[in-house]
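Below is one structure, written out as structure tokens; the observations come after it.
Counting starts at 1 for both ligands and their atoms, following the listed order.
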Amino acid sequence: MTASFSHGLKIDSAELRLVRLELLTPFTISTGTMVEKIIPLLTLRANGIEGYAEGVMDPLPDYLDEQIAGSMALLRDVILKQVVGARFENPQALEPHLAPWRGHYMTKAMVEMAFWDLWAKSLGLPLKTVLGGAGDAIDVGVSLGIGPIEETLERVRSHVEQGYKRIKLKIKPGHDADLVEAVRREFPRVALSVDANSAYTLADSAKLARLDGFGLDYMEQPLAWNDIQDHATLQQRIRTPVCLDESIRSARDARKALQIDAARVINIKVGRVGGHAESLKIHDLCAAFDVPVWCGGMLESGIGRAHNIHLSTLPNFSKPGDTSSASRYFARDLVHEKLEAVNGRMPVPEGPGIGVTPDWNFIEGITLSAESFGA
Ligand code: OSB
Ligand code: MG
């Protein structure tokens with residue numbers, strides 16, 4: 001039953017599902033509006049234990065260049081066939097099996113993260129402990145989608161009252177300085193950031209420099225999703241620290257960004273960078289450069305949310321993350337446990353692994369497809 005270090009874990013079977021979960025309120029960013037989440041869910045089984053992860057890719061490649069259909073095909077036709085029946089000494093041992101496939105960081109992250117959950121459970125330890133983190137709760141902020149300024153002010157008010165430790169405003173050309181000014185006027189001291197999701201170019205440098213006057217903690221991904229170099233140029237032109245999200249897919253990307261001062265803050269999304277092992281590498285590298293990191297989100301259900309919370313207990317996650325209360329996003333979550341922040345602090349789920357259990361009755365009812373491997 002218990003797996004010892006020397007024998008690793010053999011993955012006996014897997015299940016890959018696609019579920020549809022409605023968002024309570026539409027979420028608008030510079031690239032478009034989301035009204036529902038289509039979530040790929042992966043279960044890996046070993047020795048009667050189950051590990052879980054969800055994919056953060058979208059139906060269309062509008063945030064990054066990965067999409068659900070391609071991910072599902074790669075998992076189904078290649079990766080799950082490869083890993084089911086195979087034995088892995090530890091989570092890092094998965095890497096050489098996933099490395100041959102270019103890109104697909106979100107796809108690989110699903111397998112890697114589900115294995116970490118399985119691994120932690122097989123050792124009887126919380127995920128945070130096997131990742132090297134500690135603590136019972138993490139600081140969290142909120143990410144507020146694009147909407148009318150008055151409405152956004154009202155939402156800022158409500159989240160500041162709830163104790164969230166940082167407010168992130170989504171911006172785009174034509175919806176930036178006026179918004180930030182209005183929020184700053186009413187909340188002169190609240191920790192504030194903006195996220196453009198790649199909506200600007202270097203030609204907008206002067207416009208972006210005007211945001212320097214508002215004491216923003218950082219400006220997230222103002223320029224192209226695949227352009228680290230231009231962010232370094234922009235950083236020379238503005239005082240607000242540049243934070244990279246989309247542009248960092250790996251520790252190698254992070255190194256390049258840090259070496260040329262393209263990012264003074266990095267948003268780590270474990271699902272975006274291929275999993276926890278890569279997240280730890282980025283975390284450590286940033287610490288060596290004295291650059292703080294924080295944990296971003298992709299409107300995850302409780303499964304991905306729990307992974308994010310555990311990762312956020314590492315020491316260089318020194319800025320509040322986006323892992324806010326699940327009840328802000330969904331009427332009902334995919335897990336039994338309530339992931340709710342109290343005064344801007346999100347409790348770390350207790351128990352082995354990610355510490356949350358899927359609500360299979362609910363999940364069955366919203367499942368679009370389900371496939372088994374090696375069962
Ligand atoms: O850029 O961080 C982003 C949501 C979807 C796609 C991209 C982003 C976001 C968010 C929301 O900012 C973070 C969250 O609340 O999970
Ligand atoms: Mg972002």
Ligand-side contact atoms (ligand 1) for residue partner [X], heavy atom cut-off under 4.0 Å:
{"X": "Asp195", "result": "1 (O), 2 (O), 3 (C)"}
{"X": "Asp245", "result": "1 (O), 2 (O), 3 (C)"}
{"X": "Lys170", "result": "1 (O), 2 (O), 3 (C), 8 (C), 9 (C), 10 (C), 12 (O)"}
{"X": "Leu299", "result": "11 (C), 14 (C), 15 (O), 16 (O)"}
{"X": "Phe27", "result": "4 (C), 9 (C), 10 (C), 11 (C)"}
{"X": "Tyr329", "result": "14 (C), 15 (O), 16 (O)"}

Assess whether a salt bridge exists between [X] and [Y], defined as any Lys/Arg side-chain N lying under 4.0 Å from an Asp/Glu carboxylate O.
{"X": "Lys172", "Y": "Asp176", "answer": "no"}
{"X": "Asp253", "Y": "Arg255", "answer": "no"}
{"X": "Arg157", "Y": "Glu154", "answer": "yes"}

Quiz item: Which option out of Met298, Lys269, Glu220 puts a heavy atom nearest to atom 3 (C) of ligand 1?
Solution: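 Minimum heavy-atom distance to atom 3 (C) of ligand 1 goes to Lys269.
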Quiz item: Is there side-chain contact between Pro173 and Lys207, with heavy atoms separated by less than 4.5 Å?
Solution: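 The answer is yes, as the side chains (C-beta and beyond) meet within the 4.5 Å cut-off.
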Quiz item: Going by heavy atoms in the side chains, are Leu144 and Val156 under 4.5 Å from each other?
Solution: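 Contact flag for Leu144/Val156 side chains = yes.
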Side-chain ([X]) to main-chain ([Y]) donor-acceptor, under 3.5 angstrom:
{"X": "Tyr218", "Y": "Ser193", "value": "no"}
{"X": "Arg305", "Y": "Leu339", "value": "no"}
{"X": "Glu337", "Y": "Thr357", "value": "yes"}

Self-check item: Leu368 and Arg20: CA distance, side-chain angles, deciding distance, side chain to side chain contact (heavy atoms under 4.5 Å, CB included) verdict
Solution: CA-CA 7 Å; Leu368 303 172; Arg20 181 197 289 122; 4.0 Å; yes
Quiz item: For Arg328, is the nearest heavy atom under 4.0 Å from an atom of ligand 1?
Solution: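 Arg328: no contact with ligand 1 (<4.0 Å).
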May I ask you to identify the nearest protein heavy atom to [atom], giving residue, atom name and distance to one decimal place in Å?
{"atom": "atom 13 (C) of ligand 1", "answer": "Gly297 O, 3.4 Å"}
{"atom": "atom 1 (O) of ligand 1", "answer": "Asn197 ND2, 2.7 Å"}
{"atom": "atom 5 (C) of ligand 1", "answer": "Met34 CE, 3.9 Å"}

Self-check item: From CH2 (Trp119) to CG (Leu127), nearest 0.5 Å
Solution: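 Output value for this atom pair is 12.5 Å.
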Quiz item: Are there any protein N/O/S atoms under 2.8 Å from the Mg ion (ligand 2), and if so, which?
Solution: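 Short answer, with waters excluded from the count: Asp195 OD2, Glu220 OE2, Asp245 OD2.
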Quiz item: Only one of Lys168, Lys170, Arg166 forms a salt bridge (charged side-chain N to carboxylate O under 4.0 Å, His left out) with Glu220, so which one is it?
Solution: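 Passing option: Lys168.
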